Amino acid sequence: MEYDENGVSIVPSEFKKEIFEEAKKDFRYEEYVRGCLNCGVCSGGCPPHRFFDFSPRIVLQKMKSKDPELIWAMMDEYVWACFQCFTCAMICPFLNSPGGIIAILREIAVRRGLESAKKVLKPYSRVLLKLTAYGNQLSSDMIQPDFFPDWGPHIGYASADLAIKRKAIPMPTLQVTNLAWDVAPEAMKELYDIFDEAGVFKIIESVDPSLYEIIEDIVDDVRNS
Amino acid sequence: MAENILVVGGGPAGLHSAVTLADIGANVSLVERDSFLGGNPKKFKYKFLFPDMQPADDVIGELIKRAEKNDGVKIYYSSNVSNFKENEKKFDVTIKSPDASETKTFDSVIVATGFEHFDPARDAKYSYQLFDDVIDIKDLERMMGENNFVRPSNGQPPKNVAFILCVGSRDRHVGNQYCSRVCCTVSVKQAIELRERFPDCDAYIFYMDIRTYGFFEDLYWKAMEEHDVQIVKGRIAEITSGPNNTVICKGEDTLLRGPFEIPFDMVVLASGMEGGPQSSEMVDKLGLELNEHGFLKPQNVTLAPFKSNRKGIFLAGACTGPKAISDSIVEGGAAAMDAYIYAVKNK
Ligand SMILES: Cc1cc2nc3c(=O)[nH]c(=O)nc-3n(C[C@H](O)[C@H](O)[C@H](O)COP(=O)(O)OP(=O)(O)OC[C@H]3O[C@@H](n4cnc5c(N)ncnc54)[C@H](O)[C@@H]3O)c2cc1C
Ligand code: SF4
Ligand code: SF4
Ligand code: SF4
């Protein structure tokens, strides 16, 4: 890889073109990018537009510019401000889907293990671990004051004596604290087959190799049990 | 014997057709479904007309007077065409009035059934009918016409008013992809009227494109130059309720780049024009065709804009698409010429 005088890696323009071509090949592309009235309705309804320098209208305009440089520049940081709520797609008078185009770009970034995807996914490694290894997202023992300060002043109380508190929940599946519910090994094995087929494990390997190693160990254990 | 010609619809287009035909000697039957003539401008009491702010009563009133005074025009009020049959290049038509039903033979027919206002309640993002202070351009025309411009919620004069363009037009969600052509000019005109009569009230126009085509552009410049109307580029995404009994317009300023949420005392939606149920009614009864936008379809939009797909039936005014009164009147005259030629040739 080449670097400029500031030590920032230079991305060859061929690579940027390749990324754009990959986006265009996506079967959803034609449905998501049509004309654009430049009306701003999508941004007007977009939650992050209100708080960040982010506008789905501009995403769509840059896509329509067909300029690989502009599109590449968005992939680094810009498109990651989107919540994927698809309000934009619901309200666009041209029936565009800026959120959909963003999904395509982000999927490319994740599939190819681009730096931007790695950076964004880093804080989610615990969630990714639970999700891919056990099919759960959050478990009660993940709700710790350090990780969820936004849960307010009672988070300390909420995260103490978890085992006893969970017992108060009547459904038997909720008696664990390291998972949201107990998952049967058969269900996990099926889940792994799905992840294998869909290429999810491969993606994790490319964006977070050390996380992948931990997941791989768990998967092997369950599959051999 | 004089030619017998039927005109359906007594708006600006139909009125001008009827009078023109009578003036060259035809016997005209003018069928109007309402109990009065004058079409939409009369029905919704438009007060002043663009482009030159003539009182609507002078223009529409004059058209009505000419028709009513003309012996060659027989007017059927509160009536409709109940039966329509082609009969060797002529047409046997039954006209149903409240107290009678009459069948006549016509040499040719002009359809001038006009348009309907888009009902903004069909697009939930504008909260029309949810908030009292959200009205539309026809409501405002009527309020101005009745000298009763106050906030519907509390009867007080508003301190600021937002005009929102392209409501019900240029939007695939409501099924109308076309531009309604007059609503930009109507809104600019209304903003000027408002600033003239209520100088303490601020006026904002939120637009995607300002289409004050041709000489109507003068009004757009005047609105900014002489009346300090604020023009903001950004289509409104949502109207919500705000503090102190206000309504908030939310959107993106696409030129200055950034979100806005502005509270207003009143919002005026520039709802557009639609072909309305009368266009389908003409299709069913007279065998005409609709275009893809729900208006009546001319035989050839460029070469034969006043001819319908059926020989001997002609089209005039807003029934073929959104247009201004001057265009509707011009078309009324042109269709009259086509209908007269057809009637003379086939006698
Ligand atoms: C809010 C608003 C403001 C406007 N202001 C201006 C302005 O300031 N200046 C300007 O130039 N233009 C203005 N326009 C445009 C103007 O209203 C139209 O150009 C004009 O009304 C069209 O005339 P028309 O005769 O074709 O149709 P209409 O005015 O719609 O008249 C059609 C007539 O046909 C009758 N009819 C319909 N169906 C039947 C049937 N089946 N049988 C019998 N009769 C029937 C109707 O009752 C009506 O009387 C405005 C439009 C809007 C929406
Ligand atoms: S999907 Fe993304 S761009 Fe679209 S409205 Fe939601 S956050 Fe905004
Ligand atoms: S809402 Fe649709 S047409 Fe309007 S700016 Fe956004 S993408 Fe373009
Ligand atoms: S005339 Fe103006 S407000 Fe009306 S549909 Fe066209 S652009 Fe929109």
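Naming: A, B, ... by sequence-line order, numbering from 1 per chain. Keep in mind the model is a prediction, meaning the values are calculated, not measured.
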statement: For Gly45(A) and Ala237(B) the tightest heavy-atom approach is N-CB, 3.5 Å

query: What residue, out of Cys46(A), Cys39(A), Cys42(A), has the most heavy-atom pairs lying under 4.5 Å from chain B?
result: Cys39(A)

task: Look at atom CZ of Phe15(A) and say whether more than 12 heavy atoms of other residues, nucleotides or ligands are closer to it than 6.0 Å.
output: yes

Heavy-atom contact with chain A under 4.5 Å, split by part of Arg257(B): side chain

- request: Look at atom CG of Asp53(A) and say whether more than 12 heavy atoms of other residues, nucleotides or ligands are closer to it than 6.0 Å.
  value: no

statement: Closest heavy-atom pair, Thr254(B) versus Asn38(A), reported as atoms and distance to 0.1 Å, is CG2-O, 3.9 Å

- prompt: Above 12 or not: heavy atoms from other molecules or residues under 6.0 Å from CD of Glu190(A)?
  reply: no

- request: Mind ranking Arg57(A), Met90(A), Arg50(A) by heavy-atom pairs under 4.5 Å with chain B and telling me who comes out on top?
  value: Arg57(A)

- request: Output yes when a side-chain donor or acceptor of His49(A) lies under 3.5 Å from a complementary backbone atom of Gly251(B), and no otherwise.
  value: no

query: Is the number of heavy atoms from other residues, nucleotides or ligands under 6.0 Å of Lys202(A) NZ greater than 12?
result: no

task: Count the heavy atoms belonging to other residues, nucleotides or ligands that lie under 6.0 Å from CD of Glu226(B), then report whether that count exceeds 12.
output: yes

query: Where on Phe94(A) is there a heavy atom nearer than 4.5 Å to chain B: the side chain, the backbone, both, or neither?
result: both

message: Tell me the closest heavy-atom pair linking Glu252(B) and Gly40(A), and the distance in Å.
response: OE1-CA, 3.4 Å

statement: Residues Val41(A) and Ile236(B): closest non-hydrogen pair is CG2-O, 3.9 Å

- line: With Pro93(A) as partner, the option from Arg235(B), Met208(B), Gln177(B) fulfilling side-chain contact (heavy atoms from CB on, under 4.5 Å) is Arg235(B)

message: Could you check whether atom CZ of Phe215(B) has more than 12 heavy atoms from other residues, nucleotides or ligands sitting under 6.0 Å from it?
response: no

- prompt: If you count the non-hydrogen atoms of other residues, nucleotides and ligands that lie under 6.0 Å from NZ in Lys24(A), is the total more than 12?
  reply: yes

